[in-house]
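Hydrogens, waters and symmetry mates play no part in the numbers below; they use all other heavy atoms, side chains included. Counting starts at 1 for both ligands and their atoms, in listed order. Numbers for residues simply follow the sequence, beginning at 1.
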Amino acid sequence: MGVHTVEDLQRQAEIEKEGLGLFQSTQSVIREALEKLGYTDEHYELLKEPLRMLTVRIPVRMDDGTVKVFTGYRSQHNDAVGPTKGGVRFHPEVNEDEVKALSIWMSLKCGIVDLPYGGGKGGIICDPREMSFRELERLSRGYVRAISQLVGPTKDIPAPDVFTNSQIMAWMMDEYSRIREFDSPGFITGKPLVLGGSHGRETATARGVTICIEEAVKKKGISLQGARVVIQGFGNAGSYLAKFMYDSGAKVIGISDAYGALYDPQGLDIDDLLDRRDSFGTVTKLFQHTITNKELLELDCDILVPAAISNQITAENAPRIRASIVVEAANGPTTLEATEILTSRGILLVPDVLASAGGVTVSYFEWVQNQQGYYWTEEEVEQKLTKVMVESFNKIYDAAHIHQVNMRLAAYMVGVRKMAEASRFRGWI
Ligand SMILES: NC(=O)C1=CN([C@@H]2O[C@H](COP(=O)(O)OP(=O)(O)OC[C@H]3O[C@@H](n4cnc5c(N)ncnc54)[C@H](O)[C@@H]3O)[C@@H](O)[C@H]2O)C=CC1
Ligand SMILES: O=C(O)CCC(=O)C(=O)O
């Protein structure tokens with residue numbers, strides 16, 4: 001790989017400033033991973049940006065009769081390996097750079113768990129917590145109409161992400177099937193079981209994180225029984241993870257949502273919180289004594305799991321993180337500088353592209369079942385997921401030791417190789 005230009009170095013310095021672009025910092029780790037593997041500048045030029053990025057405007061008739069126009073995105077990072085794959089996020093802070101970074105992370109995840117996919121991701125700038133059921137249906141269908149030319153079961157396959165769920169996947173699948181005039185369950189994953197969903201997809205992300213935690217505690221010589229766990233976010237990823245930790249005998253001492261956090265050093269009653277949370281993973285509003293998300297992250301604990309949004313552990317708070325293990329269920333919760341700080345403090349950081357890959361793995365199983373029209377039992381799904389996650393964790397843990405790099409760079413090295421090779425064999429590079 002060529003010598004870095006002054007421009008490169010300036011950009012690098014900017015990236016290192018806290019808060020600057022998830023997208024740029026992702027590019028810098030991709031560059032480093034390719035360099036370590038001996039790939040050329042051409043590989044970096046190809047892989048540093050998504051191949052396609054579609055911006056759409058979606059007019060939606062609101063319940064009060066007015067029309068509101070929403071902005072949405074779909075990014076397809078690289079389809080050398082196969083169709084692109086990745087979730088759709090409904091959130092007020094969605095933006096183009098975030099969607100682009102998220103699609104690159106999907107490529108890396110698919111490479112790590114060895115799926116026949118490249119990475120894609122979508123998002124709509126909206127706040128579903130302030131929309132009615134029918135408004136959400138119209139928005140979901142409008143998004144599919146807007147992106148329908150670019151997606152499909154063998155092109156790009158969406159799935160759930162922040163503030164989207166199996167009901168939204170069902171509307172999207174129905175809209176796509178209407179447009180194409182045949183039933184297309186393989187267009188999207190994370191569907192309800194009765195519409196071709198897979199057993200285990202609902203809990204897959206949390207299950208994958210749990211498997212990473214089980215492997216990580218072995219490496220650290222910590223017993224999961226009685227271990228103190230703190231989880232930021234109580235939605236799909238965070239709440240099921242809390243349940244798995246609670247059931248395995250760990251003590252979940254802190255959880256949070258967008259409005260605050262709950263802390264009990266004796267351990268929270270997770271079954272009770274699960275009964276009381278709403279469909280957006282909100283539960284803290286029901287309690288008087290709460291702490292902030294910022295305080296939650298700095299609690300004294302053994303295992304910390306950010307399972308909500310990006311940029312939560314930064315150079316500012318990384319020196320005060322007191323966990324021995326940090327497992328990233330969320331996408332992009334830790335900045336690059338914070339990654340360095342945590343690693344140099346001996347904290348085992350299990351990066352997002354590995355820890356959260358259980359979701360897309362079971363999405364792949366769902367897609368395979370849809371293509372075959374033959375459905376697997378919950379036990380089969382769980383067994384296959386466990387094998388994939390245990391192998392992936394150990395592959396990356398070993399790579400980090402062999403190459404003497406942190407776990408994030410090791411994960412990028414493992415994740416980028418397949419698409420780099422596929423791009424080369426196709427003659428793109
Ligand atoms: N659902 C999935 O299959 C996968 C999700 N992920 C990642 O996991 C993370 C969480 O996703 P889901 O659980 O699916 O979303 P979700 O919508 O089910 O839950 C999100 C949770 O984060 C909380 N939250 C939102 N904004 C927050 C803020 N500003 N501060 C603190 N908490 C906030 C919400 O209150 C809620 O508890 C995201 O980063 C997502 O990309 C990664 C892989 C797969
Ligand atoms: O299930 C999928 O296809 C993708 C899930 C996702 O968006 C993610 O892993 O970030």
Find all protein N or O atoms under 3.5 angstrom from an N or O atom of ligand 2 and list the pairs with distances, or write 'none'.
| unit_1 | atom_1 | unit_2 | atom_2 | d |
| --- | --- | --- | --- | --- |
| ligand 2 | 1 (O) | R201 | NH2 | 2.9 |
| ligand 2 | 1 (O) | S363 | OG | 2.6 |
| ligand 2 | 3 (O) | K85 | NZ | 2.7 |
| ligand 2 | 3 (O) | S363 | OG | 3.4 |
| ligand 2 | 7 (O) | G87 | N | 2.9 |
| ligand 2 | 7 (O) | K121 | NZ | 2.7 |
| ligand 2 | 9 (O) | K109 | NZ | 2.7 |
| ligand 2 | 10 (O) | K109 | NZ | 3.0 |
| ligand 2 | 10 (O) | K121 | NZ | 2.7 |
| ligand 2 | 10 (O) | N331 | ND2 | 3.0 |

Would you say that [X] contacts [Y] through its side chain, given a criterion of any heavy-atom pair below 4.5 Å between the two side chains?
X    : Y    : result
F393 : K219 : yes
Y143 : M172 : yes
I253 : D264 : no

Give the residue and atom name of whichever protein heavy atom lies nearest to [atom], and the separation in Å to one decimal.
atom                    : answer
atom 1 (N) of ligand 1  : N236 OD1, 3.5 Å
atom 5 (C) of ligand 1  : D161 OD1, 3.9 Å
atom 17 (O) of ligand 1 : F163 N, 2.7 Å
atom 9 (C) of ligand 1  : A308 O, 3.2 Å
atom 10 (C) of ligand 1 : A307 O, 3.3 Å
atom 44 (C) of ligand 1 : T205 OG1, 3.3 Å
atom 13 (O) of ligand 1 : A237 N, 2.8 Å
atom 15 (O) of ligand 1 : V162 CA, 3.6 Å

Mind listing the closest non-hydrogen atom pair of A80 and M419 along with its distance?
CB-O, 4.3 Å
Taking all heavy atoms of I157 and all of G152, pick out the closest pair and write down the distance.
CG1-O, 3.7 Å
Taking the basic N atoms (NZ, or NE/NH1/NH2) and the acidic carboxylate oxygens, is any pair closer than 4.0 Å for E137 and R141?
yes
Carboxylate-amine/guanidinium contact D79 R52, below 4.0 Å:
yes
Applying the side-chain contact (heavy atoms from CB on, under 4.5 Å) criterion to K109, which one of I104, D352, N331, L354 satisfies it?
N331
From the list V327, L299, I313, L342, side-chain contact (heavy atoms from CB on, under 4.5 Å) partner of L304 resolves to I313
Evaluate [X] for polar contact with ligand 1, using N/O atom pairs at a separation under 3.5 Å.
X    : value
N331 : yes
G281 : yes
G359 : no

Are T84 and D156 close enough that a side-chain donor and a side-chain acceptor fall under 3.5 Å?
yes
Run the contact test for R89 against ligand 1 with a 4.0 Å cut-off on heavy atoms, strictly below, and give the result.
yes
Under a heavy-atom criterion of less than 4.0 Å, does Q312 contact ligand 1?
no
Here the atoms of ligand 1 under 4.0 Å from any heavy atom belonging to F280 are 34 (C), 35 (O), 36 (C), 37 (O)
Short list, please: which atoms of ligand 1 are under 4.0 Å from a heavy atom of I309?
26 (N), 28 (C), 29 (N), 30 (N)
Mode of E93 contact toward ligand 1 - side chain, backbone, both, neither (heavy atoms, under 4.0 Å)
neither
Residue portion contacting ligand 1 (non-hydrogen atoms closer than 4.0 Å) for K109:
side chain
For atom 23 (C) of ligand 1, which candidate among A258, G332, S356 provides the closest heavy atom?
A258
Ranking P92, A329, P160 by closest non-hydrogen atom to atom 6 (N) of ligand 1, top hit is A329
Expected output: side-chain E295 to main-chain T292 donor-acceptor under 3.5 Å
yes
Would you say the side-chain atoms of R89 pair up with the backbone N or O of G123, donor to acceptor, closer than 3.5 Å?
no
Applying ring pair (Phe, Tyr, Trp, His ring centres under 6.0 Å), run through Y39 and Y44 and close with a yes or a no.
CA-CA 8 Å; Y39 286 107; Y44 177 66; over 10 Å; no
Between F187 and W367, is the ring centroid distance below 6.0 Å?
no
Can you see whether Y240 has R207 sitting over its ring - NZ or CZ less than 6.0 Å from the centre and within 45° of the normal?
no
